[in-house]
Amino acid sequence: MKAPASSDVERQALLGAIAGGLAHELRNPLSTMSVHLQLLREDWSSPATTKERLSLRRIEILLRECRRLEEVLSDFLRFAGGHRPTLRPSDLNTVVQETLDFVAPEAEQHGLRVVSSLAPDLPPVPLDSALFKQALLNILINAEQAMSKGGSLSVFTARDRDTALLT
């Protein structure tokens, strides 16, 4: 099998980068819509009239469609998976905290308490911050889904000599 030409590799990397950027730009408003729809669903949790029941059904449909779009985005990213990580020295705590801040409102809506303890003395770590955030976000979403009755979601960082650890 012949190795791919340099232009093919560059094109695949560019497509992967575009896909990652597009997914990020779409996920933020999608997540915001989902959180606000969940709040509306709570506001309409006891519909008294036919119109209120209809509104609640429409909210449920919109929430389902938000989840479907999230799955489509995930599939799209897997398909465009030729993206090669661009590793840069990064502050793991900053990347983790930004991701936790992003998921906290939705987690609270599901009865989850997000607890974090981030070690102050971590060495810089080579990360593609966008890819790492996406991976961590997927883990946090899975954890949220696994704790349907609520609970506590704990995230810790620590230092082990010259290595940063995430638990």
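One is the number of the first residue; the rest follow in order along the sequence.
Pro89 and Pro124 get closest at one heavy-atom pair: CB-CB, 4.2 Å. Closest heavy-atom contact between Ser152 and Val115: OG-CG2, 3.4 Å.
Ion pairing between Glu65 and Arg68 holds under the 4.0 Å rule for side-chain N and carboxylate O.
Applying the side-chain hydrogen bond (donor to acceptor under 3.5 Å, both in side chains) test to Gln109 and every residue at least two apart in sequence or in another chain returns nothing. The salt bridge (charged side-chain N to carboxylate O under 4.0 Å, His left out) check on Arg58 picks up nothing, with sequence neighbours excluded. Partners of Glu52 according to the side-chain hydrogen bond (donor to acceptor under 3.5 Å, both in side chains) rule, which considers only residues two or more places apart in sequence or in another chain, do not exist here. In this structure, Ser55 has no side-chain hydrogen bond (donor to acceptor under 3.5 Å, both in side chains) partners at least two apart in sequence or on a different chain. Residues forming a side-chain hydrogen bond (donor to acceptor under 3.5 Å, both in side chains) with Arg53 (at least two apart in sequence, or on another chain): Thr50.
Remark: side-chain polar atoms of Arg159 are not paired, donor with acceptor, to backbone N or O of Ala164 under 3.5 angstrom. Not one N or O on the side chain of Asp160 forms a donor-acceptor pair closer than 3.5 Å with the backbone of Thr163.
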Could you go step by step and tell me if Thr49 and Lys51 meet the side chain to side chain contact (heavy atoms under 4.5 Å, CB included) rule? CA-CA 5 Å; Thr49 67; Lys51 188 172 185 175; 3.9 Å; yes

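Summarising the hydrophobic clusters (Ile, Leu, Val, Met, Phe, Trp, Tyr; side-chain heavy atoms under 4.5 Å, direct or chained), the residues clustered with Val35 are Leu39. Through direct or indirect side-chain contacts shorter than 4.5 Å among Ile, Leu, Val, Met, Phe, Trp and Tyr, Leu40 is connected to Leu37, Trp44, Leu56, Ile59, Leu62, Leu63. With a 4.5 Å cut-off between side-chain heavy atoms of Ile, Leu, Val, Met, Phe, Trp and Tyr, the cluster of Val96 takes in Leu92, Val95, Leu100, Phe102, Val103, Leu112, Val114, Leu118, Leu122, Val125, Leu127, Phe132, Leu136, Leu137, Leu140, Ile141, Met147, Leu153, Val155, Leu166. Clustering of Ile, Leu, Val, Met, Phe, Trp and Tyr side chains at separations under 4.5 Å leaves Phe156 isolated, with no partner residue.
Separation of atoms CG (Leu87) and OG (Ser129) is listed at 9.5 Å; rounding is to 0.5 Å. Here the CG atom belonging to Asn93 is positioned 4.0 Å from the OG1 atom belonging to Thr157, to the nearest 0.5 angstrom. Expressed to the nearest 0.5 Å, how far CE of Met33 lies from CG of Asn28 amounts to 11.5 Å. In this structure, Glu106 CD and Ser34 OG are separated by 5.0 Å, a value rounded to the nearest 0.5 Å.
Environment of CZ in Arg113: sparse, with no more than 12 heavy atoms of neighbouring residues, nucleotides or ligands closer than 6.0 Å.
Annotation: salt bridge (Lys or Arg N to Asp or Glu O under 4.0 Å) contacts involving residues 88-103, sequence neighbours excluded, comprise Glu98-Lys133. Residue pairs meeting the side-chain hydrogen bond (donor to acceptor under 3.5 Å, both in side chains) criterion with at least one partner in residues 135-145, sequence neighbours excluded, are His110-Glu144, Gln134-Asn138. Sequence neighbours left out, the pairs with a member in residues 34-50 that pass salt bridge (Lys or Arg N to Asp or Glu O under 4.0 Å) are Arg41-Glu60.
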